[in-house]
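Inspection log for the structure reproduced underneath, given as C-alpha cells.
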Amino acid sequence: MRKVLLIEDEKNMSRFIELELRHESFSVTVAYDGEVGLHMAMAEDWDVILLDLMLPGMDGMEVCRRLRALKKTPVIMITARDSVTDRVTGLDCGADDYIPKPFAMEELLARIRVIFRRLDDSREDAAAQLVFQDLSVNLEARIVMKGNVEIELTKREYDLLVAFMENTNRVLNRETLLDKVWGFEASVDTNVVDVYVRYLRNKIDSSEGPSCIQTVRGIGYVMRK
C-alpha cells in the first residue's frame with residue numbers, strides 16, 4: 001500500500017483529501033502544521049508528500065527546502081497561491097509538482113500517478129544496471145563499461161562479473177561461483193574458477209592499485225574496495 005503524508009492545516013480540506021485517498025487504497029497520515037509535518041516527513045519513508053504552502057509554524061517552502069537537504073521523497077505542493085512566481089519558487093525549493101486550489105480530486109490523483117510511474121521507471125532502470133566503482137553492467141544489453149570504455153567479455157567472464165557485482169562485499173567460495181556461472185551439473189573442476197578470475201582481472205582491473213576482486217585464502221573471492 002502506498003504511503004502518503006498530507007501536510008495541510010485546513011481541517012475540512014485535509015479531511016476531504018484524506019477520505020478520497022483512502023478510498024483509492026492509499027495509507028494516509030495527516031499533519032496540521034509545518035514543524036510537525038517536517039518531523040514526520042524526516043522520521044519515516046513516504047511514497048509521496050502532499051504539502052500545503054501556507055502552514056502555521058513553518059511554511060511549505062521551508063518544509064520543502066529542509067526536507068530536500070536530506071531526502072528525495074516526491075513532493076506535490078497544494079496551495080491557494082497560483083502566481084507564476086509562486087509556482088516557480090515552489091519548484092525551485094524542491095517540489096516535484098504544484099497544484100493550485102481549488103482542484104478536482106481526479107487531477108490530484110492523476111498527478112500522483114505520474115509521480116509513481118516515474119519512480120517505478122527509475123527503479124526498473126536501476127534494477128537493470130549494476131555499478132561498482134567505475135564498473136557498470138547493463139543487464140538488459142549485456143554491456144560492460146569501465147568509465148567510458150566498453151569492456152569485451154566472454155559469456156563466462158560476463159557471468160562471473162555479474163555474480164561478483166550482485167554480491168559485493170560478500171565472500172563467495174569456488175563451489176558457489178562454479179554453480180552460478182557454470183551450473184550445478186557442470187563437469188568441471190573448481191580450478192577453472194581461478195583461471196577465469198585471472199582472465200577477468202586482466203580485463204577490468206586498473207594498472208595501478210590492487211584488484212577489486214580479492215582472494216580470500218582458503219575460501220574463495222570477494223569483490224570490494
How far apart are the closest heavy atoms of [X] and [Y], and which atoms are they?
X: Lys225; Y: Phe132; result: N-CZ, 3.8 Å
X: Cys64; Y: Gly94; result: SG-C, 3.6 Å
X: Glu157; Y: Thr154; result: OE1-N, 2.9 Å
X: Val36; Y: Ala31; result: CG1-CB, 4.2 Å
X: Ala95; Y: Met77; result: CB-CG, 3.9 Å
X: Ile115; Y: Pro74; result: CG2-CB, 3.5 Å

Heavy atoms of other groups near [X] [atom1], more than 12 under 6.0 Å:
X: Glu152; atom1: CD; result: no
X: Met54; atom1: CE; result: no
X: Asn12; atom1: CG; result: no
X: Asn191; atom1: CG; result: yes

Salt bridge present between [X] and [Y] (N-O < 4.0 angstrom):
X: Arg111; Y: Asp96; answer: no
X: Lys146; Y: Asp134; answer: yes
X: Lys3; Y: Glu44; answer: yes

What is the distance from atom [atom1] of [X] to atom [atom2] of [Y], rounded to the nearest 0.5 Å?
X: Leu109; Y: Leu21; atom1: CG; atom2: CG; result: 6.0 Å
X: Cys93; Y: Arg68; atom1: SG; atom2: CZ; result: 8.5 Å
X: Arg142; Y: Asp159; atom1: CZ; atom2: CG; result: 5.5 Å
X: Arg224; Y: Arg170; atom1: CZ; atom2: CZ; result: 13.5 Å
X: Leu135; Y: Met223; atom1: CG; atom2: CE; result: 6.0 Å
X: Leu200; Y: Asp205; atom1: CG; atom2: CG; result: 8.0 Å

Review point. Who are the side chain to side chain contact (heavy atoms under 4.5 Å, CB included) partners of Lys11, not counting sequence neighbours?
Key: Tyr32
**Study point:** Pair listing, side chain to side chain donor-acceptor pair (under 3.5 Å) test, anchored in residues 14-24, at least two apart
**Key:** Arg15-Glu18, Glu18-Arg22
Would you say that [X] contacts [Y] through its side chain, given a criterion of any heavy-atom pair below 4.5 Å between the two side chains?
X: Leu177; Y: Phe164; answer: yes
X: Glu150; Y: Ile143; answer: yes
X: Val144; Y: Val137; answer: yes
X: Arg198; Y: Val195; answer: yes

Determine whether [X] and [Y] fall in the same hydrophobic cluster, where Ile, Leu, Val, Met, Phe, Trp and Tyr are linked whenever their side-chain heavy atoms lie under 4.5 Å apart.
X: Phe103; Y: Val48; answer: yes
X: Met145; Y: Leu161; answer: no
X: Phe26; Y: Phe16; answer: yes
X: Met61; Y: Leu70; answer: yes
X: Val114; Y: Ile99; answer: no

**Study point:** Partner of Tyr98 by side-chain contact (heavy atoms from CB on, under 4.5 Å), out of Ile76, Thr79, Leu51
**Key:** Thr79
Exercise for review: For a side-chain contact (heavy atoms from CB on, under 4.5 Å) with Arg174, tell me which candidate from Asp194, Asp179, Val197 qualifies.
Suggested key: Asp194
Review point. Hey, mind stepping through Met105 and Ile17 against side chain to side chain contact (heavy atoms under 4.5 Å, CB included) and telling me if it holds?
Key: CA-CA 8 Å; Met105 195 64 202; Ile17 296 174; 4.3 Å; yes
Exercise for review: Could you walk me through whether Val192 and Trp182 pass side chain to side chain contact (heavy atoms under 4.5 Å, CB included), step by step?
Suggested key: CA-CA 10 Å; Val192 75; Trp182 282 267; 4.1 Å; yes
**Study point:** Step-by-step side chain to side chain contact (heavy atoms under 4.5 Å, CB included) determination, Tyr199 to Leu160
**Key:** CA-CA 10 Å; Tyr199 292 160; Leu160 186 60; over 6 Å; no
Review point. How far apart are the C-alpha atoms of Met58 and Asp33, what are their side-chain angles, what is the distance that settles it, and do they pass the side chain to side chain contact (heavy atoms under 4.5 Å, CB included) test?
Key: CA-CA 7 Å; Met58 183 187 298; Asp33 69 71; over 6 Å; no
Point to revise | Residue pair Glu10, Lys101: steps toward the salt bridge (Lys or Arg N to Asp or Glu O under 4.0 Å) verdict | key: CA-CA 12 Å; Glu10 293 183 28; Lys101 300 175 184 176; 3.3 Å; yes
Review point. So, Asp52 side chain and Leu55 main chain: donor-acceptor pair closer than 3.5 Å or not?
Key: no
